[in-house]
Amino acid sequence: MRDSSLDTWNARHVPILNRRDVPPRDTQVDFDPPRPVTATIQWQTGTETIRTRAIAWCGRVVLVELVDARSQVRGVWLDSEDAQPLDK
């Protein structure tokens, strides 16, 4: 028997077109504390700019927190150009 609530949850998922692959954990560097950024998220349905936090980085990619019902995860790796630091 299939759980209809799972189907509903999956139906809300919208792919993020500018996400990058997760780098190996031993190459990631945590921000301590996390840093405020403006992130550009390119959803399949359109582009959105959000205020969020950078949690980690690796080379030229940054992990930003993403709390959004359209995403199945709570963070997404983006190119650094898509995660700009907020002015203090």
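Note that the numbering runs from 1 along the sequence shown for the chain.
- Between Q44 and V14, the closest heavy-atom pair is N-CG1, 3.8 Å.
- Between N18 and Q42, the shortest heavy-atom contact is OD1-N, 3.0 Å.
- Taking every heavy atom of both residues into account, V64 and A83 meet most closely at CG1-CB, 3.9 Å.
- In this structure, I41 is a member of the same hydrophobic cluster as V62, with clusters built from ILVMFWY side-chain heavy atoms closer than 4.5 Å.
- Tracing side-chain contacts under 4.5 Å through hydrophobic residues (I, L, V, M, F, W, Y), one reaches V76 starting from V37; they form part of the same cluster.
- The closest side-chain donor-acceptor pair between E48 and W43 falls under 3.5 angstrom.
- The two atoms that bring P24 and T27 nearest to each other are O-OG1, 2.7 Å, heavy atoms only.
- Applying the 6.0 Å contact sphere to CZ of R19 captures no more than 12 heavy atoms from other residues, nucleotides or ligands.
- Pairing each heavy atom of F31 with each of A56, the nearest pair is CD1-N, 3.6 Å.
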(message) I'd like to know whether L78 forms a side chain to side chain contact (heavy atoms under 4.5 Å, CB included) with V61, so could you lay out the CA-CA distance, the side-chain angles of the two residues, the decisive distance to 0.1 Å, and finally the verdict.
(response) CA-CA 5 Å; L78 301 172; V61 294; over 6 Å; no

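- Between the side chain of S71 and the backbone N or O of D68, no donor-acceptor pair lies under 3.5 Å.
- Shown here for C58 and Q28, the closest heavy-atom pair between the two residues is CB-CA, 4.2 Å.
- A salt bridge does not link R51 to E65: none of the charged side-chain nitrogens sits closer than 4.0 Å to a carboxylate oxygen.
- With respect to the salt-bridge test (charged N to carboxylate O, under 4.0 angstrom), the residues R60 and D79 do not qualify.
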(message) Please evaluate residues I50 and L66 with respect to the criterion side chain to side chain contact (heavy atoms under 4.5 Å, CB included), reporting the C-alpha separation (whole Å), side-chain torsions for both, the decisive distance (0.1 Å), and the verdict.
(response) CA-CA 9 Å; I50 61 169; L66 181 63; 3.7 Å; yes

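- Two different hydrophobic clusters hold W57 and V22 under the rule that ILVMFWY side chains link at heavy-atom gaps under 4.5 Å.
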